[in-house]
Amino acid sequence: MSDALTELKTWVRYTADDEARLAACAELIEPHVPRIIDRFYEEILRHPGSSSVIDGPDQVARLKTSLRGWLNEVFRGPHDEAYAHRRRAIGHRHVQVGLPNRYMVMAMHLVETEVGQVLRASLEDPLPALDSVQKVCCIDLALMTGTFVESREQLQLDTLHSLLVEHLRVAVLLVGADGNVRSATRASGLVIAGGDVMGRPWTEALPTGLLEASSLERHVERGLAHRREVTLPRVDVSQDGGLRSFRVHVVPLEHELARFLIQIEELTDAVELEARLRRSEALAQLGTLSAAVAHELRNPLAGISGALQVITRTIDPDSAHYRILVKVESEVHRLNDLVTDLLAFARPGTATLQTVDLAQLVDEVVELVVPAHPRVHVDVGGRGLAQADPNLVRQILHNLVRNAMDAMGGEGTLKIDIEPGRIVVQDSGPGIPKDRWVSSFEPFVTTKTRGTGLGLAISARSADAMSATLRLKEGPMSGACFELCLLDRPAPISS
């Protein structure tokens, strides 16, 4: 017999005499059981809360049969551990169906009252029997309500645990001894290979790229062999032309249902932010240097350009010296363009955000650049508004369209798609290799033989100034595809 049941019997002074008295009363109670049961459910059904768990006459009929069995056990016993187990199950069942524990108290009071009336009418001295009934009802109620409280607390903890697990932003897979996933957090959908992971081998649940980049199978074997946690601080995985970064933990477990867990935390945003901060610091230093160099070059270039113009006026255009001076002047103009770009890079503009019509800005740039390239077919589609600086957007678009024209050699198709907060510029040129996508936005990187390599770097900084993003992406055409994502709603007001 359990300590709890023994303690309860000791507390209410329940003895073998009480059990004998209850057994002797069983025959007296038996004829009244149908009436007591009917009275019991008549009273229960009067309370509004019962309707939420009792769905009709069929269920009431089943419950009446259960109550008959319960009353029979109250009087006929034996009141042992098996009896106590069945009472605890009643409390657990109340939690499952959602009935408050007050229904158990009310029900016990009603049964005790009805049985008491029968015993008072049937026995000359009903007090000993009534005392025994009161004791056994007290034990029953203690067992049922005790389990009710424990089960309700466990249910609340399970619910809270489920909420916590469901909203974790970290992917966790629990893997059984068979290598299949036994449980997973909701966030696992961010990294799994697709579909439901439950019951699948963990190596199939995770993307091949992540498995290969981290050599995860080898690390899992090592962790299990040594019964020690294994942490991979950073795993970089190429995906959709970009890079995703993860931190991976492998934790061996001592549990009959789970042999180990794999925890995967995405670091992509943090890594990108860190890279942007480092790039901003480097660009700031480079900008300062560029400004100094530009200022040192601009005045001498102006003097050289002026001198060349004076000299060329005095030389015969058919002279060999004239042609050389023209080439020199062309190089001076190129250097002057470089100085202009250096100054633009060194002094990124401040953005003044306002509602702009993206289609109108695109039309303005197209009308300015395209006439010089009559063999290029231009396809502009869509409309949309954005919160942006119109001058910075024009600057970015001018650079993208001009680059596209140069890449196509003056012949091909330029396609510009517009939607709220987004412009996509793509061309039919040779494109940019994927391994150069990231470096394309770095200063002084160019595929042109005579380019300064600052156009995309300046455009990227202009986009940053508007809290926008400029990136390369896959497109349906053969050439480069640039996407400019702007705010499509008013920017929040900082306090």
Side-chain angles (χ1 to χ4, degrees), residues 1-45 47 50 60-97 99-153:
M1 190 178 297
S2 69
D3 292 341
L5 181 58
T6 301
E7 183 181 11
L8 283 171
K9 286 185 173 183
T10 302
W11 185 264
V12 300
R13 295 183 174 85
Y14 183 87
T15 65
D17 291 339
D18 292 300
E19 191 149 337
R21 278 193 290 271
L22 289 170
C25 293
E27 298 300 329
L28 293 174
I29 296 298
E30 182 63 29
H32 301 276
V33 167
R35 180 185 58 79
I36 293 175
I37 292 175
D38 288 341
R39 174 80 178 86
F40 179 90
Y41 279 102
E42 178 185 334
E43 186 65 24
I44 288 295
L45 293 172
H47 294 276
S50 63
V60 172
R62 292 193 299 271
L63 291 172
K64 286 184 175 180
T65 300
S66 299
L67 182 56
R68 176 180 286 277
W70 178 79
L71 282 169
N72 183 64
E73 289 181 345
V74 165
F75 288 95
R76 299 186 185 277
H79 304 105
D80 54 10
E81 185 56 38
Y83 176 90
H85 176 75
R86 289 189 290 273
R87 274 18 185 195
R88 294 189 188 99
I90 294 173
H92 179 65
R93 182 59 182 162
H94 273 70
V95 174
Q96 288 182 319
V97 300
L99 267 180
N101 61 349
R102 62 178 177 271
Y103 283 90
M104 289 186 290
V105 176
M106 292 187 296
M108 194 64 69
H109 172 71
L110 189 148
V111 169
E112 189 176 343
T113 300
E114 292 293 328
V115 169
Q117 290 176 356
V118 173
L119 295 180
R120 288 188 185 90
S122 304
L123 299 174
E124 289 186 13
D125 183 11
L127 292 181
L130 290 172
D131 185 54
S132 297
V133 169
Q134 187 179 47
K135 289 176 181 178
V136 76
C137 285
C138 182
I139 291 172
D140 273 30
L141 187 59
L143 291 170
M144 290 187 294
T145 56
T147 307
F148 178 91
V149 172
E150 292 173 3
S151 297
R152 186 178 61 181
E153 288 178 349

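- The two residues R21 and P128 have their closest heavy-atom pair at NE-O, 3.4 Å.
- In this structure, CG on L71 lies 6.5 Å from CD1 on I36, to the nearest 0.5 angstrom.
- The two atoms that bring L119 and P126 nearest to each other are O-CB, 3.6 Å, heavy atoms only.
- To the nearest 0.5 Å, atom CZ of residue R120 and atom CG of residue L127 are 8.0 Å apart.
- For E81 against L5, the heavy-atom pair with the smallest separation is N-CD2, 3.9 Å.
- Within the 4.5 Å cutoff, no side-chain heavy atoms of Q117 are placed close to those of H32.
- For the atom pair OG (S132) and CG (D17), the distance works out to 8.0 Å, reported to the nearest 0.5 Å.
- Annotation: salt bridge (Lys or Arg N to Asp or Glu O under 4.0 Å) contacts involving residues 25-39, sequence neighbours excluded, comprise E27-R76, E30-R68, R35-E114, D38-K64, R39-E43, R39-E114.
- Salt bridge status for D131 with K135: present, with a side-chain N to carboxylate O gap under 4.0 Å.
- The heavy-atom pair separating D18 from T15 by the smallest distance is OD2-N, 2.8 Å.
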Exercise. Given D140 and Y83, is the side chain to side chain contact (heavy atoms under 4.5 Å, CB included) satisfied, shown in steps?
Worked result: CA-CA 9 Å; D140 273 30; Y83 176 90; 2.7 Å; yes
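- Nearest heavy atom pair, residue L130 against residue G116, reads CD2-CA, 3.4 Å.
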For this session: For side chain to side chain contact (heavy atoms under 4.5 Å, CB included), just list the numbers for V115 and V74, CA-CA rounded to whole Å, side-chain angles, deciding distance to a tenth of an Å, and then say yes or no.
Result: CA-CA 11 Å; V115 169; V74 165; over 6 Å; no
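- Counting all heavy atoms, side chain and backbone alike, H79 lies closest to Y14 at ND1-OH, 2.6 Å.
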